[in-house]
Amino acid sequence: MPPEPDRRPLVAPAPALQSDLERVRALHDLALLDTPPEERFDRLTRLACRLLGVPISLIALVDTDRQWFKSRVGIDLHETTRVTSFCTHTIQHEHGLVIADARLDPRFANNPFVTGAPDVRAYAGIPLAAPDGSRVGALCVIDTQVRHFDDDQMATLRDLAAIAGDELRARPAGRPAPEGWEKALVAHLPDGILMLNAQGNIVAANPAAEMLFGASGAMLAGRPLRELMDEDLLRLRRTGLLQEGARYEALARRLDGSHFPVEFSYCRMMWAARPKYAVTVRDISQRREVEERNRATDERRRRHFATATHELRTPMSSVLGFSELLLKRDFDPAVSRELVEIIHRESGRLVDLVNQLLDLARIEAGGRAELRIDAVPVAELMTRTLACLEGLGQAHRVSSDIALGLPPLAADAQKMQQALTNIISNSIKYSAPGTPILLSATPERWGERLMVAIRVRDQGIGMTPQQQAQVFDAFYRVDSESSAPGSGLGLTILKEIVDLHGGRIALESEVNVGTEITLYLPVTSADDQAA
C-alpha cells in the first residue's frame, strides 16, 4: 500500500494571545503600520546587524493576520503572514525567544522561511511593548548559520530593543525624533563606541570608550581617530581596504601612551542629516592572553609528546625483549625469576610514567577552572601527605614543624597533597637513608600578600645552578644515572599545581649539601574563614 500523505501543516500554528484584540488595538493606536521608513528605527536594525554579526535584522509589528516590518535589513519583504512569523511566538515570551537551529525546533522545522529562502537557522528576538504594556512586535536578528547567541550578545539585543520600545511608545509616526537618543543607546552598550564626523574626528564617545581610552568624552572630542588607533580608518576605507561591518584587529593607544590590542568595526550612518561613522571598539587583551597561554600550552604539549615517546620506548623495549626471551627459551628458576623481576620493574616504571603524563595533561587541560578551592588546614594536609608516604618505608625520616595559628590554605586539597607528595618523595629518593628531612610551615609575606610558606629540606645530593634552572622541566632528572625510580615529571606537575593556585616556588640547593624547596601558598581571606 502506498504511504499515507503527510497531513502536517507546512508551519506550526502561531500561538493565540490571551487578549489579542486589545493587543492589536494598542498596535493600531501607535499609528505605525504601513508608514514610510524612519531613520530612528533603521539605525537600530543596522546596529543590530553590525554588533551581533548577523545578515538580517527586523523591527516587526504583529497585526491580526500578518507581521509587518517597520524596519528591515537583509530582506526584501515588507511583510509576511502571521502564521509564518517567528515574532508571533516571540511576543508570547516576556524575555524573548532564542533559537540556535530552527530546523530542530518543531514549531519552525517546516516553516517556508526555514526550508527555503532566506534559509533561517538562528533567531533571537526581544518583544516590544505599547504604552499599555501589550507586546505588539519584536526587534529580532536572524542568521543563516546555526549559532548560539552568548550573554553579551543578548544583552546588546535587549539594549537595542529597549531603545526601539521607547521609540514606539514616545512618538507617533512622523514626529521627528529628538536629538541625543544615540547617547542613550551607546551608553548602554558594553563595547566602546566612537562617533566620527566626515573628517575622521571624534564627536562623541560612550562610557565604555571612555574607560577603554582612559579619558572623558570631552577629552576625546575633536581628536582625530588616528591619534587613538595605529590604523587610519578613513584612508583605509577610501582605498577599499576597509569593509563596512567587517571585523578587524589593530593596536590602540590610550591618552597616557599605553597600548592595547582591539577588535573594531565601523558603519556609516546619517546623524542630524549629516554623514557620520560609528566605530565599535572592543579590548581583546584578555583574549590575546588566553590565546598566548593556549599557544604556550600547545607548544609544551608537543615537547612533552616528543620526549614521552622516547621515555616510553625504553621500558617498553625491556618488557617486550625480556618477555620474548622467556617465551622462546627455557631458563633455570633463578634466571627466570630475575627476568620476571626486570619485566615487573619496567612495567611499574611504564605505568608510573603513563600516570604522570595523564596527571600533567589533565592539569594543563583543566586549568584553574578545574580546581576545587576550599579552606584546607595546613596540619591536616601534612598529616594526610605523610600517611600516604608510609609505603616508601622511610617516612619516619620526615619530621614536621608547623607554626601555631596558621590560616587555612585556599587550595584544592587533592592537588596540593599531590604537589607536596612529589617534593617529599623526591627528597627521600635522592638523599641517604639515614639523613633527616624537615617539613615546616610558617606564615610569611610574598610582596603584599600573606601566605603560608611550606618548606621541605633534605641533606641529599643537591644541585648545581644549571641543574636548578632545569629542574622543573618535563622529564628532566638531576641524576640521570641514578637507579632511583622516577619519570622526571614530579616537579613539573608540582610547578603546574602551584602556578594554578597563584603561589610561588623558591629553590635553594648546593651539591652534596642538600636542597630546600619552599612553596608560598595563598590563604583564605578573613571573610572566608568567618563564613
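Excluded from the calculations below are hydrogen atoms, water molecules and symmetry mates; all remaining heavy atoms, backbone and side chain alike, are included. Residues take their numbers from the sequence shown, with the count starting at 1.
- Cation-pi geometry between R282 and F264 is not met: the NZ or CZ atom fails to fall both under 6.0 Å from the ring centre and inside 45° of the normal.
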(request) Report the C-alpha separation of D105 and R107 in whole Å, then their side-chain angles, then the decisive distance to 0.1 Å, and conclude whether the salt bridge (charged side-chain N to carboxylate O under 4.0 Å, His left out) test is met. (result) CA-CA 5 Å; D105 192 316; R107 295 170 296 178; 2.8 Å; yes

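- Between L228 atom CG and L255 atom CG the span is 6.5 Å, to the nearest 0.5 Å.
- Residue-environment remark: CD (E210) exceeds the threshold of 12 foreign heavy atoms within 6.0 Å.
- Put simply, the side chain of Q417 reaches to within 4.5 Å of the side chain of L381, judged on heavy atoms.
- Residues passing the salt bridge (Lys or Arg N to Asp or Glu O under 4.0 Å) test with R449, sequence neighbours excluded: none.
- Not less than 6.0 angstrom separates the ring centroid of F113 from the ring centroid of Y123.
- With contacts defined as side-chain heavy-atom distances shorter than 4.5 Å, the pair V452/T442 does not qualify.
- Note on ring orientation: taking the six-membered ring where Trp is involved, the planes of H89 and F108 are perpendicular (angle over 60°, cut-offs 30° and 60°).
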(request) Using the salt bridge (charged side-chain N to carboxylate O under 4.0 Å, His left out) rule, take E292 and R288 through it: C-alpha gap first, then chi angles, then the decisive distance, then the call. (result) CA-CA 6 Å; E292 179 58 28; R288 287 280 181 86; over 6 Å; no

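- Distance alone, capped at 3.5 Å, is enough to place a donor-acceptor pair between the S509 side chain and the M463 backbone.
- Side-chain atoms of R397 come within 3.5 Å of backbone N or O of T435 as a donor-acceptor pair.
- Of all the heavy atoms in A441 and M382, the pair that sits closest is CB-CE, 3.4 Å.
- Inter-residue side-chain proximity for L519 and L494 is flagged as met; some heavy-atom pair is nearer than 4.5 Å.
- For T518 and R455, the side-chain atoms include at least one donor-acceptor pair closer than 3.5 Å.
- The side-chain contact (heavy atoms from CB on, under 4.5 Å) test applied to R253 returns D230, H259, not counting sequence neighbours.
- Salt-bridge formation is detected for the pair R287/E263: a Lys NZ or Arg NE/NH1/NH2 atom is positioned less than 4.0 Å from an Asp or Glu carboxylate oxygen.
- At most 12 heavy atoms of other shown residues, nucleotides or ligands fall within 6.0 angstrom of atom CZ in R337.
- Listed by chain and residue number, I126, L128, L139 satisfy the side-chain contact (heavy atoms from CB on, under 4.5 Å) test with A161 (two or more places apart in sequence, or in another chain).
- Listed for the H501 side chain is no donor-acceptor partner under 3.5 Å among the backbone atoms of E496.
- No hydrogens or angles considered: a donor-acceptor pair under 3.5 Å links the side chains of S427 and D458.
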